[in-house]
Amino acid sequence: MNEPFAFQIKSLRFDETYRPESGTRLTTNFANLARGEHRQQNLANALRMIDNRFNDLASWDNPRADRYAVELDIISVDLDLDGSGDAFPAIEMLKTMIIDHRTGTRTQGLVGNNFSSYVRDYDFSVVLPEHNKARDSFSLPDDFGDLHGKIFKAFVASDTFKAQFRKPPVICLSVSETKNYERTANVHPVLGVEYVPSGASLTEQYFGKMGLEVRYFMPPKSVAPLAFYHAGDLLNDCTNLELIGTISTMEAFQKIYRPEIYNANSVAGQIYRPSLKHQDFSPTRVVYDREERGRLATEQGRFAEDIFIKPHRARLAEWSAQFAA
């Protein structure tokens, strides 16, 4: 039981020709873009947004704002419980590679960025609604997020992860609509101005069980803060170019999926409360179906329950208890 999970990593380039694989969650940012009649235009527009934003932030020695490009690889992590080779698609993240056209060099960026997990869908779209179905007030199950967090920590601590990645993941997400965010005096040259929340959001608590802390920054020329989930010292463990790779990639996705917040026509003030009901924003030229994303989350949660949680419940419980010891 010391090594109950065999983690397997696959890498697939995310470019204009990308098509989601069978194990990919269809609500994942990059997979959602690559579907439907507008798929190729969606992908081209999103990738152009990423490169333009990178050059905007990496402006030194870059007079034409075209020095850099970002290559993205989808990192899929499969989990084999019994050695049969029949693995469950546990985690998907993105890895950035920074291309310097002037010097011809390729620099590894950060892994993480986007974060996708069927087990998270199970927790939020199956476990949580069923737990609160007959309750007068909202509450969390005592073990909410425990298994998911332990799987993530086991993967990051594994030899499989360490053989491929130099640094732990940095995951960049949207701010929560349930919290206020207050601007501080702390300003980073790339991450921008730091904000602090009025309290811990549910996502913050959930990612805490994955061993990740969070800080909120609004990068230069952005209109709302982003949540940066990380282990260690975010500001000193990551280079400026690594951070710019994450910002440019995830800000593009957030502008597409949450334009009311991240493509708003006004900038977050001293006290900021994000809202998807905000009307003063500019839509991007990327087509997506937000309603479908919500519906599919429940379907994907049921998939995780039927394929992974129920068939392996006893073994997962045994490993989880041993992991905590």
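Ser59 is linked by a side chain to side chain donor-acceptor pair (under 3.5 Å) to nothing, counting only residues two or more places apart in sequence or in another chain. Residues meeting the salt bridge (charged side-chain N to carboxylate O under 4.0 Å, His left out) test with Asp51, sequence neighbours left out: none. Applying the side chain to side chain contact (heavy atoms under 4.5 Å, CB included) rule to Val187 yields the partners Val193; only residues at least two apart in sequence or on another chain are considered. By the salt bridge (charged side-chain N to carboxylate O under 4.0 Å, His left out) test, Arg106 pairs with Glu71, sequence neighbours left out. Glu242 pairs by the salt bridge (charged side-chain N to carboxylate O under 4.0 Å, His left out) definition with Arg166, Lys167, not counting sequence neighbours. In this view, Ser266 and His278 satisfy the side chain to side chain contact (heavy atoms under 4.5 Å, CB included) rule, not counting sequence neighbours. Asp233 pairs by the side chain to side chain contact (heavy atoms under 4.5 Å, CB included) definition with Leu235, Asn236, Asp237, not counting sequence neighbours. Shown here are the side chain to side chain contact (heavy atoms under 4.5 Å, CB included) partners of Ala317, two or more places apart in sequence or in another chain: there are none. Annotation: side chain to side chain donor-acceptor pair (under 3.5 Å) contacts of Lys153 (sequence neighbours excluded): none.
Side-chain heavy atoms closer than 4.5 Å link hydrophobic residues (I, L, V, M, F, W, Y) into clusters, and following such links, possibly through other members, connects Leu226 to Val267. Cluster membership check: Tyr262 shares its hydrophobic cluster with Leu276, using side-chain heavy-atom separations under 4.5 Å among Ile, Leu, Val, Met, Phe, Trp and Tyr. When hydrophobic clusters are built by joining Ile, Leu, Val, Met, Phe, Trp and Tyr residues whose side-chain heavy atoms come closer than 4.5 Å, directly or via intermediates, Tyr257 is grouped together with Met218. By the rule that hydrophobic residues join a cluster once side-chain heavy atoms approach within less than 4.5 Å of another member, Leu147 and Ile307 end up as members of one cluster. When hydrophobic clusters are built by joining Ile, Leu, Val, Met, Phe, Trp and Tyr residues whose side-chain heavy atoms come closer than 4.5 Å, directly or via intermediates, Leu12 is grouped together with Leu79.
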Self-check item: Asp100 and Thr107: CA distance, side-chain angles, deciding distance, side-chain hydrogen bond (donor to acceptor under 3.5 Å, both in side chains) verdict
Solution: CA-CA 8 Å; Asp100 187 331; Thr107 304; over 6 Å; no

Quiz prompt | Verdict with supporting geometry, Arg48 and Asn45, side-chain hydrogen bond (donor to acceptor under 3.5 Å, both in side chains) | solution = CA-CA 5 Å; Arg48 190 177 303 112; Asn45 287 340; 2.9 Å; yes

Self-check item: Test side-chain contact (heavy atoms from CB on, under 4.5 Å) applied to Phe308 and Leu316, step by step
Solution: CA-CA 9 Å; Phe308 182 62; Leu316 290 170; 3.8 Å; yes

Practice problem: Please assess Ser76 against Glu92 for the test side-chain hydrogen bond (donor to acceptor under 3.5 Å, both in side chains), listing each intermediate value before the final yes or no. | Solution: CA-CA 5 Å; Ser76 300; Glu92 277 189 320; 2.8 Å; yes

Quiz item: Going through the distances and angles, do Arg120 and Thr203 end up as a side-chain hydrogen bond (donor to acceptor under 3.5 Å, both in side chains)?
Solution: CA-CA 10 Å; Arg120 184 171 65 162; Thr203 299; 6.0 Å; no

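Classified by interplanar angle (parallel below 30°, tilted 30° to 60°, perpendicular above 60°), the ring pair Phe303/Tyr118 is tilted.
Contact detail for Pro259 and Ile256: the closest heavy-atom pair is CD-O, 3.5 Å. For Pro141 against Leu128, the heavy-atom pair with the smallest separation is CD-CD1, 4.0 Å. Here the closest non-hydrogen pair linking Ala69 and His101 is CB-NE2, 3.6 Å. Closest heavy-atom contact between Ala252 and Ala46: CB-O, 4.4 Å. The two residues Ala304 and Tyr122 come nearest to each other via the heavy atoms CB-CB, 4.0 Å. When all heavy atoms of Asn180 and Arg273 are compared, the closest pair comes out as OD1-CD, 2.9 Å.
Judged purely by atom type and a 3.5 angstrom limit, Asn113 uses its side chain to pair as donor or acceptor with the backbone of Leu94. Listed for the Ser248 side chain is a donor-acceptor partner under 3.5 Å among the backbone atoms of Gly245. In this structure a side-chain-to-backbone donor-acceptor pair under 3.5 Å is present from Arg135 to His131. In terms of modelled atom types and a separation under 3.5 Å, the side chain of Gln279 and the main chain of Lys277 share a donor-acceptor contact. Of the possible donor and acceptor atoms, one in the side chain of Asn62 sits under 3.5 Å from a partner among the backbone N and O of Arg67. No donor-acceptor pair under 3.5 Å is formed between the side chain of His312 and the backbone N or O of Ala314. Panel note: side chain Ser198, backbone Lys179; no donor-acceptor pair is recorded below 3.5 Å. One N or O on the side chain of Gln270 and one on the backbone of Arg183 form a donor-acceptor pair closer than 3.5 Å.
Counting heavy atoms from C-beta on, the side chains of Asn265 and Val223 never come closer than 4.5 Å. For the pair Val170/Val111, no side-chain contact is recorded, criterion being any heavy-atom separation below 4.5 Å from C-beta on. Proximity of Leu234 to Leu191: side-chain heavy atoms (C-beta onward) are separated by under 4.5 Å at one or more points. In this structure, Ile9 and Ile75 have side chains that are in contact, with non-hydrogen atoms separated by less than 4.5 Å. The side-chain heavy atoms of Tyr68 and Ile244, taken from C-beta on, include no pair separated by under 4.5 Å. By the 4.5 Å heavy-atom criterion applied to side chains, Leu110 and Cys238 are counted as neighbours. Looking only at side-chain heavy atoms (C-beta outward), Met93 and Pro169 come within less than 4.5 Å of each other. By the 4.5 Å heavy-atom criterion applied to side chains, Glu213 and Glu204 are not counted as neighbours.
Applying the ring pair (Phe, Tyr, Trp, His ring centres under 6.0 Å) test to every pair with at least one member in residues 133-154, sequence neighbours left out, gives these pairs: Phe115-His148, Phe115-Phe152, Phe124-Phe144, Phe144-Tyr206, His148-Tyr206. Within the structure, ring pair (Phe, Tyr, Trp, His ring centres under 6.0 Å) pairs that include any residue of residues 153-184 comprise Phe7-Phe155, Phe155-Phe161, Phe161-Phe165, Tyr181-Tyr216 (at least two apart or interchain).
A salt bridge is defined here as a Lys NZ or Arg NE, NH1 or NH2 lying under 4.0 Å from an Asp or Glu carboxylate O, and Lys133 with Glu130 fails to meet this definition.
Residue Lys95 holds its NZ atom at 15.0 Å from CG of Asn114, rounded to the nearest 0.5 Å. Taking CD1 of Ile50 as the start and OG1 of Thr249 as the end, the distance is 4.5 Å to the nearest 0.5 Å.
A donor-acceptor contact under 3.5 angstrom links the side chains of Ser320 and Lys150, judged on distance only. Counted by atom type alone, Gln8 and Thr160 present zero donor-acceptor pairs between their side chains at under 3.5 Å. Between Asp15 and Thr17, the side chains place a donor N or O and an acceptor N or O closer than 3.5 Å (distance only, hydrogens not considered).
By the 4.5 Å side-chain criterion applied to Ile, Leu, Val, Met, Phe, Trp and Tyr, Met97 is assigned to a cluster that also includes Ile99.
Ile91 pairs with exactly one of Asp78, Val119, Val77 by the side chain to side chain contact (heavy atoms under 4.5 Å, CB included) rule, that one being Val77.
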